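For reference, the structure is listed below as C-alpha cells.
Keep in mind the model is a prediction, meaning the values are calculated, not measured.
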Amino acid sequence: MDYQVLKQQNEKWLSVAEEIDQADWKAANYLANKMKNNDFLAWEGVVTAVENEKIIGFCSFVEKDIVEDIPYSPYIAIVYVDPTYRGNHISQQLVQIAEEQLAKNGFDHAYIVTQHQGLYEKSGYQEIDHAVDKFGRKMRVLEKAI
C-alpha cells in the first residue's frame, strides 16, 4: 500500500480527481469537482491510498467542510475506502496522514464531520457539537488535538 499527499500544484491532480470521481459515493463526486475546479487553498490537499496503481481510498484536509456557520477549522473530510479494502485500517492511516499535514501547516486541532458512530473515536476524536450539513443531514462534529 502506498499513501500519497497531493496538492493542486501536483501534475497528477486532475487525473487523481478523475479516478476519485469513479468511486461509488456521492461525496467522491463532490471532492472530484472541487479538485477539477482548483477550489483548494495552497495548504489544502488530498491523501490517497494506492494499491496496484489504483486509488482504493482517499480523504481531504481542508479549511471548510460541508457544514456552515460553525466556528471550527480545519477539517479532515470525505474519508473513503473502497468496500473491498475496508477493515484493514486504511481510513485510520489516511486520517493520520491528513493530521500530519495539518500539523505541518501549524494547526493543533483537526475536525471531522460525520454520521458514523465509533469509527473516528478509535483514533482519538471526541464529539463536540452537532450541525446540519449542506444537504440537510444532521451531522456529528468531532475534534482531536493533533
Side-chain angles (χ1 to χ4, degrees), residues 1-102 104-105 107 109-123 125 127-144 146:
M1 183 78 55
D2 183 33
Y3 293 91
Q4 301 172 350
V5 176
L6 298 134
K7 297 193 177 174
Q8 70 183 13
Q9 305 89 335
N10 189 290
E11 63 186 25
K12 295 181 185 178
W13 185 256
L14 291 177
S15 63
V16 167
E18 289 296 335
E19 195 169 345
I20 286 173
D21 207 10
Q22 302 306 308
D24 62 346
W25 187 37
K26 280 186 178 183
N29 177 259
Y30 175 84
L31 175 58
N33 285 334
K34 185 174 171 152
M35 292 173 73
K36 291 173 190 176
N37 292 329
N38 290 320
D39 191 17
F40 278 71
L41 299 174
W43 62 266
E44 295 177 321
V46 173
V47 182
T48 60
V50 180
E51 180 81 13
N52 297 322
E53 299 182 27
K54 180 181 184 281
I55 295 173
I56 55 111
F58 52 84
C59 73
S60 62
F61 50 99
V62 293
E63 180 181 43
K64 297 180 189 261
D65 196 7
I66 58 173
V67 292
E68 297 173 351
D69 301 325
I70 58 174
Y72 311 114
S73 185
Y75 293 92
I76 296 173
I78 311 179
V79 180
Y80 173 85
V81 175
D82 183 285
T84 311
Y85 293 87
R86 291 181 185 161
N88 295 305
H89 307 288
I90 296 168
S91 64
Q92 289 175 320
Q93 188 66 33
L94 290 166
V95 168
Q96 180 181 341
I97 294 167
E99 289 170 352
E100 291 166 2
Q101 292 298 309
L102 292 174
K104 284 180 184 176
N105 283 285
F107 296 104
H109 285 79
Y111 300 89
I112 295 178
V113 174
T114 186
Q115 290 181 315
H116 285 284
Q117 297 281 341
L119 176 63
Y120 300 107
E121 286 84 349
K122 293 175 189 173
S123 297
Y125 283 84
E127 184 176 311
I128 59 162
D129 207 345
H130 289 90
V132 176
D133 73 7
K134 292 180 181 182
F135 310 105
R137 302 173 300 179
K138 186 174 181 180
M139 306 297 281
R140 300 169 64 227
V141 180
L142 308 179
E143 176 186 39
K144 178 182 176 182
I146 53 174

### Query
Is there side-chain contact between Ile76 and Leu102, with heavy atoms separated by less than 4.5 Å?
yes

#### Entry: Candidate pair Arg137 and Ile66, rule side chain to side chain contact (heavy atoms under 4.5 Å, CB included), full reasoning
CA-CA 10 Å; Arg137 302 173 300 179; Ile66 58 173; 3.5 Å; yes

### Task
Inspect the surroundings of CD in Glu11 and state if more than 12 heavy atoms from other residues, nucleotides or ligands are less than 6.0 Å away.
no

### Query
Any donor and acceptor pair, going by atom type alone, linking the side chain of Asp133 with main-chain N or O of Phe135 inside 3.5 Å?
yes

#### Entry: Asn10 (side chain) donor-acceptor with Lys12 (main chain) under 3.5 angstrom
yes

### Minimum heavy-atom distance between Lys134 and Asp65, given as atom pair plus value
CE-O, 4.2 Å

### Task
Carefully, step by step, assess Gln115 and Met139 under the rule side chain to side chain contact (heavy atoms under 4.5 Å, CB included).
CA-CA 5 Å; Gln115 290 181 315; Met139 306 297 281; 3.3 Å; yes

#### Entry: Tyr72 vs Asp129 side-chain heavy atoms within contact, under 4.5 Å
yes

### Task
Check the pair Val62 / Ile78 against side chain to side chain contact (heavy atoms under 4.5 Å, CB included), numbers first and verdict last.
CA-CA 10 Å; Val62 293; Ile78 311 179; over 6 Å; no

### Point-to-point distance, once rounded to the nearest 0.5 Å, from OG1 of Thr48 to CD1 of Ile97
8.5 Å

### Query
Between Glu100 and Gln96, does any side-chain donor sit less than 3.5 Å from a side-chain acceptor?
yes

### Query
Do any N or O atoms from the side chain of Trp13 and from the backbone of Met35 form a donor-acceptor pair under 3.5 angstrom?
yes

### Criterion side chain to side chain contact (heavy atoms under 4.5 Å, CB included) on Ile20 and Tyr80, from CA distance to verdict
CA-CA 10 Å; Ile20 286 173; Tyr80 173 85; over 6 Å; no

### Query
Backbone N or O of Ile128 within a donor-acceptor pair of the Glu143 side chain at under 3.5 Å?
no

### Query
Nearest 0.5 Å, what's the CE-CG distance between Met1 and Asn52?
9.0 Å

### Query
Looking at Tyr75 and Ile112, what are the two nearest heavy atoms and their distance?
CD2-N, 4.4 Å

### Query
Between Val141 and Ala131, what is the shortest heavy-atom contact and its length?
CG2-CB, 4.2 Å

### Over all atoms of both residues, closest heavy-atom pair of Ser123 and Lys144
O-NZ, 2.7 Å

### Task
Please tell me if the side chains of Val46 and Phe40 come closer than 4.5 Å, counting only heavy atoms from C-beta onward.
yes

### Query
Hey, does Asp24 have a side-chain heavy atom less than 4.5 Å from the side chain of Pro83?
yes

### Note, Glu51 side chain near Asp82 side chain (heavy atom, < 4.5 Å)
no

### Query
What's the spacing between Lys34 NZ and Asp39 CG if we round to 0.5 Å?
5.0 Å

### Task
Working to the nearest 0.5 Å, report the span between SG of Cys59 and OH of Tyr3.
10.5 Å

#### Entry: Pairing of Glu18 and Lys36 as salt bridge, 4.0 angstrom limit
yes

### Task
Check for a donor-acceptor pair, side chain of Glu63 on one end and backbone N or O of Glu44 on the other, with a separation under 3.5 Å.
no

### Task
Supply the atom-to-atom distance Glu99 CD to His109 NE2, rounded to the nearest 0.5 angstrom.
11.5 Å

### Check: Thr114 side chain, His116 main-chain N or O, donor-acceptor pair, under 3.5 Å
yes

### Message
For the CG atom of Asn88 and the CD1 atom of Ile56, what is their distance to the nearest 0.5 Å?
### Response
8.0 Å

### Contact summary for Phe61 and Trp43, nearest pair of heavy atoms
CE1-O, 3.1 Å

### Taking every non-hydrogen atom, the tightest pair across Leu6 and Val16
CD1-CG2, 3.9 Å

### Query
Counting only N and O atoms by type, is there a donor-acceptor contact under 3.5 Å from the side chain of Glu121 to the main-chain atoms of Gly118?
yes

